[in-house]
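We name chains A, B, ... by the order of the sequence lines, and we start the count at 1 in each one.
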2 protein chains.
Amino acid sequence: MTAMQQAYNVYEDRCPTRLVLDRLADKWALLILDRLEGEPVRFNHIRRDIKGISQKVLAQTLRKLERNGLISRTIFPTVPVTVEYALTPLGRTLTDTVSALAHWAEKNMDAIFAAQRAYDETHPV
Amino acid sequence: MTAMQQAYNVYEDRCPTRLVLDRLADKWALLILDRLEGEPVRFNHIRRDIKGISQKVLAQTLRKLERNGLISRTIFPTVPVTVEYALTPLGRTLTDTVSALAHWAEKNMDAIFAAQRAYDETHPV
DNA sequence: CGGTATCCCAGGCGATACTG
DNA sequence: CAGTATCGCCTGGGATACCG
């Protein structure tokens, strides 16, 4: 029995794994965590690197990750203001797993896209 | 530079990791994949185990996972009909990572909830 | 620069009903 | 049993404007 299976056999609201997944199982959060490996990064730098994310959603996701203790937010009183985001020690313990997910995606994307084509051909509209 | 970072520096629509994450970074999908470790499982069995998922969303998510080649769907012509879901070989290559995520969540939930309380106290409404 | 505030709309989801 | 169909809400996210 896996850790998750222990968890979701418990009452819904009391399942900690579910509560944690609710907060992390989102593509922008994973992309941002991965982006923060290495040096601290500023808001607009992340925005540029992770193409397609809106300012609003980036801010929301950063706030969520900060609230969950995974990233830190440091303000430098320059003019205009500078803000740097970095992984916390807790966040750093998660990046191995996140990277593993990313590598799996890279490695298996061909199989996935092939499966999609096969599925779409055999399942008519 | 990690696998993901190589990826999102590419043009948005051409980033395969992003396309894969779009399909997998969702809590129900992860919970279902984890649930399918071990023996094949039937629709209503999953529905009972993963409390809180609606019939509609379970069906949608199963369809998505099947389309992406991660799970198989086998129909037995009993009366009434029986349908079993199981991991494919491709899906099986993903479960180690999914389990790692689940274990991380179990192990660090206390730190996460503590971080949330601390954040909420220092960030007034 | 690094955000909030406001408006607005598509679509995601739950609830309910129906079916092979 | 294992779904699909339909409806109606409601919120998540884009667009835009503004601010310390």
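Taking atom CG of residue A:Asn44 and atom P of nucleotide C:dT4, one finds them 13 Å apart after rounding to whole Å. Separating the NZ atom of B:Lys56 from the C1' atom of C:dG11 is a distance of 9 Å, rounded to the nearest angstrom. Taking atom CD1 on A:Ile50 and atom P on C:dG2, their separation rounds to 14 Å, with Å as the unit. Look at CZ on B:Arg48: it is 12 Å from C1' on D:dA2, rounded to the nearest Å. Taking atom CD1 on B:Ile46 and atom C1' on D:dG3, their separation rounds to 13 Å, with Å as the unit. Straight-line distance from the CD atom of B:Gln60 to the C1' atom of D:dA5: 12 Å, rounded to whole Å. Between B:Leu58 atom CG and C:dA15 atom P the separation is 15 Å, expressed in whole Å. The distance from atom CD1 of B:Ile53 to atom P of D:dG3 is 12 Å, rounded to the nearest whole Å.
Applying the side-chain hydrogen bond (donor to acceptor under 3.5 Å, both in side chains) rule to pairs touching residues 86-98 of chain A yields A:Thr93-B:Trp104, sequence neighbours excluded.
By the side-chain hydrogen bond (donor to acceptor under 3.5 Å, both in side chains) test, B:Thr78 is found to be paired with B:Thr82, residues two or more places apart in sequence or in another chain being considered. Under the rule for a side-chain hydrogen bond (donor to acceptor under 3.5 Å, both in side chains), the partners of A:Arg67 that lie at least two apart in sequence or sit in another chain are B:Asp120. Under the side-chain contact (heavy atoms from CB on, under 4.5 Å) criterion, A:Arg23 pairs with A:Leu19, A:Asn68, B:Gln116, sequence neighbours left out. For the ring-ring contact (aromatic ring centres under 6.0 Å, His included) test, residues two or more places apart in sequence or in another chain that qualify with A:Tyr119 are A:His123. A search for side-chain contact (heavy atoms from CB on, under 4.5 Å) contacts involving B:Ala86 returns B:Pro40, B:Ser72, not counting sequence neighbours. With sequence neighbours left out, the salt bridge (Lys or Arg N to Asp or Glu O under 4.0 Å) criterion links A:Asp22 to B:Lys27. Shown here are the side-chain hydrogen bond (donor to acceptor under 3.5 Å, both in side chains) partners of B:Arg63, two or more places apart in sequence or in another chain: B:Tyr85.
For B:Asp26 against B:Lys64, the heavy-atom pair with the smallest separation is OD2-NZ, 2.9 Å.
The phosphate of D:dG3 has neither OP1 nor OP2 within less than 4.0 Å of any side-chain N or O from B:Arg47. Contact annotation: B:Thr82 side-chain N/O to D:dC1 OP1/OP2 distance is not under 4.0 Å. Proximity of A:Tyr85 to the phosphate of C:dC1: no side-chain N or O atom is located under 4.0 Å from OP1 or OP2.
Contacts of B:Arg42 with the nucleic acid, taken as non-hydrogen atoms under 4.0 Å apart, involve only primed sugar atoms and P, OP1 or OP2.
Of the residues in residues 72-79 of chain B, those lying under 4.0 Å from DNA chain D by heavy-atom distance are B:Arg73.
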Side chain to side chain contact (heavy atoms under 4.5 Å, CB included) between A:Leu70 and A:Leu24, intermediate numbers included
CA-CA 10 Å; A:Leu70 299 172; A:Leu24 293 180; 3.4 Å; yes

Please write out each protein N/O paired with an N/O of nucleotides 18-20 of chain D under 3.5 Å, distance rounded to 0.1 Å.
none

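How far CG of B:Asn108 is from OG1 of A:Thr17: 11.0 Å, rounded to the nearest 0.5 Å.
Axis angle, first five pairs versus last five pairs of the helix from C:dC1-D:dG20 to C:dG20-D:dC1: 60°, rounded to 10°.
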Could you list the donor-acceptor pairs under 3.5 angstrom formed by side chains in residues 54-61 of chain B, with sequence neighbours left out?
from: B:Ser54; atom 1: OG; to: B:Val57; atom 2: N; distance (Å): 3.2
from: B:Thr61; atom 1: OG1; to: B:Val57; atom 2: O; distance (Å): 2.7

